[in-house]
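No hydrogens, no waters, no symmetry mates; every other heavy atom, side chains included, goes into these values. Quick caveat, the model's predicted, so the values are computed rather than measured. First the proteins, then the strands, lettered A, B, ... as listed; each starts at 1.
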Protein chains: 2
Amino acid sequence: MSFSTKGEYGVRLMVQLGRRYGGGPSSLAEIATEEDLPRPYLEQLVMSLRDAGLVISTRGSHGGYELARSPDEIPMIAVLRALEGPIAPMICATDDSEAAHEPTCDRTARCTVNFLWIRIRDAISATLDGMTLADLVPERVALIQPMNLQESRQP
Amino acid sequence: MSFSTKGEYGVRLMVQLGRRYGGGPSSLAEIATEEDLPRPYLEQLVMSLRDAGLVISTRGSHGGYELARSPDEIPMIAVLRALEGPIAPMICATDDSEAAHEPTCDRTARCTVNFLWIRIRDAISATLDGMTLADLVPERVALIQPMNLQESRQP
DNA sequence: AGTAATCCCGACAGATTCGGTCGGAATTCG
DNA sequence: CGAATTCCGACCGAATCTGTCGGGATTACT
């Protein structure tokens, strides 16, 4: 099971915006060139990010997109939720409204199976909860958290 | 991002086989009825499980499928890999051959992004590594690990 | 031997999603 | 005004998902 390229492209877009943070809006054409991604496709993705309040847009000439907040205030779980939808390995394990969605499970044997999806969902959420965009912006990764790269190599 | 119904149906199938473990082969028709799933579709799924060595088949009349080993010797990560393919949130984070697939990443900015996918992958793998089919077979869940259900409710 | 049950296997097919493309309208800056 | 840019909806080919169908191979039972 995998994320789609929406997730990948969108995160790369956010990283680029992170590097440019504080320098005013950047045009999509600029970012599409730098990341070698199709600009019209990025247009679609950035809409989701804008609707989620993660980036703000400036229309007209010299317009573009920029982060709505500083990178360390943008949790990666919010980015991926905006791009890929709710983080749920299975419908019966959505994490949006945390309470009272048990009735969606109708059969008995499946409850034990549900337990599996919930564990997976929680593992992903826990990982994403601990990360912000700042952890992925190159300068900060190199300066502040070099040990994270070491940790993740061979766990 | 989510697993497909292949994963769900396949796991439910395995749980059913877990409950019947030790009682000889069970026909797919039987399991399809009990889980209310389309039998021809289950046929496809069970092929993957058989090819992965997780279940063994007996042909002919009174034939069917049964677990290849006892439930506590079947790690859930093997079940999901057989059903859904490699557990990788993104192509650059496959976990099959653990060494030397860095060269697939060609751009520089993406390396920091790759770091994210690897963390997610590791989180899922770690969760799945700790679970076997025995954890999902109803009787054992109720008798041996009731506290797990408590733990996972509101983390 | 015959028959019923069952796995095995490949082909097909409708729906949905993925991964974009295209064209144009609206907005803003110079 | 004109150029740059976002905004937005429509469209589209390919792949995947979620099955269905038909028949062949194998075995147990009578």
Side-chain angles (χ1 to χ4, degrees), chain A residues 1-13 17 20 23-68 80 83-86 88-91, chain B residues 1-13 16-17 20 23-52 54-68 80 83-86 88-91:
Chain A
M1 182 31 43
S2 58
F3 289 93
S4 64
T5 61
K6 275 186 202 170
E8 163 143 24
Y9 294 179
V11 169
R12 284 164 63 184
L13 170 63
L17 291 183
R20 291 162 163 75
S26 309
S27 78
L28 270 194
E30 198 176 333
I31 291 171
T33 300
E34 188 138 352
E35 285 287 328
D36 196 26
L37 296 175
R39 190 203 55 124
Y41 191 35
L42 284 187
E43 277 190 5
Q44 285 184 18
L45 304 186
V46 81
M47 298 283 182
S48 314
L49 296 169
R50 183 202 53 185
D51 292 347
L54 298 173
V55 305
I56 57 179
S57 62
T58 309
R59 303 185 64 168
S61 187
H62 291 267
Y65 297 92
E66 59 194 313
L67 294 184
L80 283 179
L83 293 165
E84 300 266 353
M90 199 57 62
I91 358 96
Chain B
M1 184 31 44
S2 59
F3 289 93
S4 63
T5 62
K6 274 187 202 171
E8 164 143 22
Y9 294 179
V11 169
R12 283 164 65 184
L13 169 64
Q16 285 290 337
L17 291 183
R20 292 164 163 75
S26 309
S27 78
L28 270 194
E30 198 176 332
I31 291 171
T33 301
E34 188 137 350
E35 286 287 328
D36 196 26
L37 297 174
R39 190 203 54 123
Y41 192 35
L42 285 187
E43 278 190 4
Q44 286 183 19
L45 304 186
V46 81
M47 297 282 182
S48 314
L49 296 169
R50 185 202 52 185
D51 292 346
L54 298 173
V55 305
I56 56 180
S57 62
T58 309
R59 304 185 64 170
S61 188
H62 291 265
Y65 297 91
E66 58 193 315
L67 294 185
L80 283 179
L83 292 165
E84 299 267 354
M90 198 58 61
I91 359 97

Shortest non-hydrogen contact from B:Gly10 toward B:Leu49: O-CD1, 4.3 Å
Sugar-phosphate only, base, or nothing, as touched by A:Arg39 at under 4.0 Å among non-hydrogen atoms: base
side-chain hydrogen bond (donor to acceptor under 3.5 Å, both in side chains) against A:Glu66, all qualifying residues, sequence neighbours excluded: none
Residue pair A:Leu42 / A:Leu28: nearest heavy atoms and the distance that separates them: C-CD1, 4.0 Å
Touch class at under 4.0 angstrom, heavy-atom based, for B:Pro40 against every strand present: base
B:Phe3 CZ - D:dT16 P separation (whole Å): 18 Å
Separation of atom CE in A:Met47 from atom P in D:dT5, rounded to whole Å: 15 Å
Protein-to-nucleotide contact annotation, 5' to 3' order, nucleotides 22-30 of chain D [B base; S sugar-phosphate only; - none; under 4.0 Å, heavy atom]: --BBBBSS-
Whichever of A:Arg50 and A:Gly63 has its nearest DNA chain D nucleotide further upstream toward 5': A:Gly63
Nearest heavy atoms of A:Glu84 and A:Gly7, plus distance in Å: OE2-N, 2.9 Å
side-chain N/O B:Thr5 vs D:dC17 OP1/OP2, d < 4.0 Å: no
Pairwise side-chain contact, A:Tyr41 with A:Thr5, heavy-atom cut-off 4.5 Å (strictly under): yes
Donor-acceptor pair between B:Gln16 and B:Arg12 side chains, under 3.5 angstrom: no
Integer-rounded Å distance: D:dT5 C1' and A:Glu66 CD: 14 Å
Nucleotide nearest B:Ser27 (side chain, heavy atoms from C-beta), chosen from D:dT6, C:dC7, D:dC7: C:dC7
Whole angstrom value for the distance that separates P of D:dA4 from CD of A:Glu30: 14 Å
Validation row: B:Leu80, B:Val11 side chains within 4.5 angstrom (heavy atoms): yes
Check: C:dG20 base within 3.5 Å donor-acceptor of A:Gln44 side chain: yes
Integer-rounded Å distance: D:dG19 P and B:Leu45 CG: 10 Å
Distance-minimising heavy-atom pair for A:Val55 and A:Tyr65: CG2-CD2, 4.1 Å
Phosphate OP1/OP2 of C:dC22 contacted by A:Tyr41 side-chain N/O (<4.0 Å): no
Between P of C:dT21 and CG of A:Leu28, the distance in whole Å: 14 Å
Value in whole Å for how far the C1' atom of C:dC7 lies from CD1 of B:Ile56: 14 Å
Closest-nucleotide 5' rank along DNA chain C - winner of B:Ser26 and A:Glu84: B:Ser26
B:Ser57 side chain near C:dT6 phosphate (N/O to OP1/OP2, under 4.0 Å): no
Touch class at under 4.0 angstrom, heavy-atom based, for B:Tyr9 against every strand present: sugar-phosphate
C:dG19 OP1/OP2 closer than 4.0 Å to side-chain N/O of A:Lys6: no
For atom CD of B:Glu8 and atom P of D:dG19, their distance in whole Å: 11 Å
